[in-house]
Amino acid sequence: MIPAMDLHLLRPPPGVRFFRRYPSPAPFRSRFVTVSSILPFAKEKAKYHIELEAAVELVERACSLCIDVQRSPLSDGRILEKNDQTPVTVADFGVQALVSLELGKLFPSIPLVAEEDSGFLQSQNLVDPVVSAVSNKTSFHEESFSHADVLEAIDRGDRTEFGTKPATYWILDPIDGTRGFVKGSKALYVVGLSLVVEGEIMLGVMGCPNWVVDTFHRSITDIQGYKNSSPGLGIIMVAHVGCGTWTKRLRHMFDSSFRPSSDWTRCFVDGCSLVHKANFCIPDSQAWESLPLSVFYDATTNDNDDIGDKEIRLLPFCCGSLCKYLMVASGGASVFILEVKPERVTKAWDHAAGMICVHEAGGKVTDWKGSELDLAADQFKRRIICPAGGVLVTNGKIHQQIVEMISSSSTVVRH
């Protein structure tokens with residue numbers, strides 16, 4: 001068995017709290033469970049608990065790296081645009097290098113699939129700040145790794161060719177929602193890490209450094225104005241197959257004078273069973289009017305309960321796909337719907353960690369035809385998925401109804 005890293009185990013929490021999520025229509029659930037490790041469930045229940053403990057620790061450190069880069073006085077000069085017109089930062093490369101270095105040491109036989117490559121980084125002369133960011137968070141002594149090691153660690157995410165058989169590998173999105181990251185405290189972003197074993201997602205971890213812990217007890221429009229230094233910010237969400245989905249506050253967001261609670265809260269999707277009562281998330285780049293459901297409903301961003309039968313509430317909430325998965329898994333949204341246009345490529349890292357978190361919280365993820373997303377669609381690299389029409393993420397209760405509405409939308413006269 002491969003040994004786990006030094007996880008700096010938290011003190012045993014007194015219990016796990018379950019409470020109703022705002023603005024979820026889900027019924028109140030109340031149970032209490034005693035836990036006694038860094039994970040919210042007994043290790044013997046989780047076959048991959050060593051990998052999950054490592055993933056939790058790494059995502060927490062990665063989130064801390066992101067905050068450090070944001071606070072750097074030179075951060076504005078380290079925002080670049082890739083060839084696909086998406087932004088990338090020192091933090092994106094730093095997180096990928098950090099996670100790759102540590103996973104390579106802990107689990108050397110498990111390959112990594114990740115977003116970035118070092119060629120663009122080197123062309124922009126940003127290797128030094130990336131190495132600096134990584135050296136502050138890695139378990140390695142700074143003298144024990146070189147610039148070349150960091151570049152090689154970044155490129156490890158695009159090195160493996162898998163073939164047609166079911167594969168075991170990590171999937172990393174160093175920062176999902178980089179557009180949110182570059183806005184500082186004004187929008188949310190997520191670090192996402194998942195483990196695929198023989199073609200099936202076994203665990204997922206998502207860290208959101210500027211998430212307001214009390215999000216669901218505030219109005220949607222109030223959430224985005226909080227500063228990163230607030231002790232109420234930052235959560236980590238974890239899921240392991242068969243063990244549920246859980247959240248707690250991020251340890252690495254606090255200075256030594258503050259001891260965050262180590263209680264884990266179990267997450268459930270909301271209980272909404274009527275489409276027009278559901279809370280929807282859509283990509284920032286897509287308009288509601290371009291989606292099939294717009295022939296049935298208008299969209300409103302009103303926070304109040306005065307929603308008509310021909311309207312749905314649209315949450316103007318976050319950047320990136322994983323944050324929207326997080327919203328559905330935690331009961332803050334009922335639906336995340338994403339259209340996949342022919343000219344756009346859908347990447348596995350934008351979905352993998354979120355998929356298992358939603359599944360383990362009681363929700364469902366398919367393409368627009370109701371078929372499960374195939375992580376092996378890209379047989380050799382495992383980087384691309386090919387959902388028919390788009391991706392549909394729901395609480396499960398209204399999933400089939402929405403699939404049928406999408407299918408019939410082309411024959412409906414717009415209301």
Side-chain angles (χ1 to χ4, degrees), residues 10 13 16-19 21 24 26 33 35 37-41 46 48-49 51-64 66 95 99 170-177 180 188-195 201-216 223 232-253 260-270 281 317-333 336 349-363 365 393 395:
L10 301 175
V16 180
R17 295 169 288 118
F18 294 70
F19 53 84
R21 301 286 192 176
S24 166
V33 180
V35 296
S37 77
I38 194 171
L39 301 180
F41 37 77
Y48 301 98
H49 66 87
E51 291 85 350
L52 183 57
E53 288 178 345
V56 169
E57 170 71 11
L58 282 175
V59 170
E60 287 194 320
R61 274 199 263 156
C63 289
S64 180
C66 291
V95 168
V99 173
W170 296 96
I171 301 178
L172 170 69
D173 195 337
I175 298 180
D176 185 67
L188 304 179
Y189 62 94
V190 169
V191 177
L193 180 62
S194 58
L195 177 66
I201 306 174
M202 291 292 112
L203 64 88
V205 181
M206 296 191 287
C208 185
N210 58 349
W211 182 278
V212 179
V213 172
D214 200 23
T215 291
F216 300 104
I223 292 167
L233 292 175
I235 66 166
I236 190 163
M237 175 177 282
V238 306
H240 184 289
V241 65
C243 297
T245 299
W246 305 74
T247 62
K248 73 178 181 69
R249 298 173 76 176
L250 279 167
R251 285 188 296 129
H252 288 283
M253 296 301 99
S261 169
S262 55
D263 286 0
W264 287 93
T265 302
R266 187 160 185 180
C267 297
F268 296 98
V269 295
D270 73 20
C281 292
F317 194 72
C318 45
C319 295
S321 295
L322 288 182
C323 196
K324 298 175 178 69
Y325 277 96
L326 197 154
M327 282 289 290
V328 174
S330 55
F336 165 40
W349 48 76
D350 289 331
H351 299 272
M355 287 166 62
I356 188 169
C357 287
V358 168
H359 281 303
E360 287 295 315
V365 182
V393 183
N395 62 9

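When reading the values below, keep in mind they use all heavy atoms of this one structure, side chains included, and skip hydrogens, waters and symmetry mates.
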Shortest non-hydrogen separation from [X] to [Y] and the atoms involved:
| X | Y | value |
| --- | --- | --- |
| Leu203 | Ala55 | CD1-CB, 4.3 Å |
| Cys66 | Val95 | SG-CG2, 3.7 Å |
| Val190 | Cys208 | CG2-CB, 4.2 Å |
| Ile38 | Glu53 | CG2-CG, 3.4 Å |
| Ser321 | Asp350 | CB-O, 3.4 Å |
| Cys267 | Thr247 | SG-CG2, 3.4 Å |

With side chain to side chain contact (heavy atoms under 4.5 Å, CB included) as the criterion, how do Trp170 and Val99 come out once you've worked through the C-alpha distance, each side chain's angles and the decisive distance to 0.1 Å? CA-CA 10 Å; Trp170 296 96; Val99 173; over 6 Å; no
With the side chain counted from C-beta on, respond yes when [X] and [Y] share a heavy-atom pair under 4.5 Å apart, and no when they do not.
| X | Y | result |
| --- | --- | --- |
| Met327 | Phe336 | no |
| Cys281 | Val328 | no |
| Tyr189 | Asn210 | yes |

Any donor-acceptor pair under 3.5 Å linking the side chain of Thr245 with the backbone of Ala239?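 Here the side-chain-to-backbone pair does not exist.
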Hey, is the main chain of Cys243 close enough, under 3.5 Å, to the side chain of Glu360 for a donor-acceptor pair?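 Checking the backbone N and O of Cys243 against the side chain of Glu360, a donor-acceptor pair under 3.5 Å is found.
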Gap separating the [atom1] atom of [X] from the [atom2] atom of [Y], nearest 0.5 angstrom:
| X | Y | atom1 | atom2 | value |
| --- | --- | --- | --- | --- |
| Leu193 | Ile171 | CG | CD1 | 9.5 Å |
| Cys323 | Asp176 | SG | CG | 8.0 Å |
| Glu51 | Leu58 | CD | CG | 12.0 Å |
| His351 | Asp173 | NE2 | CG | 9.5 Å |
| Ile201 | Met355 | CD1 | CE | 4.0 Å |
| Ile236 | Trp246 | CD1 | CH2 | 15.0 Å |

Are Leu39 and His49 close enough, and set up right, to give a side chain to side chain contact (heavy atoms under 4.5 Å, CB included), and what steps lead you there? CA-CA 8 Å; Leu39 301 180; His49 66 87; 3.8 Å; yes
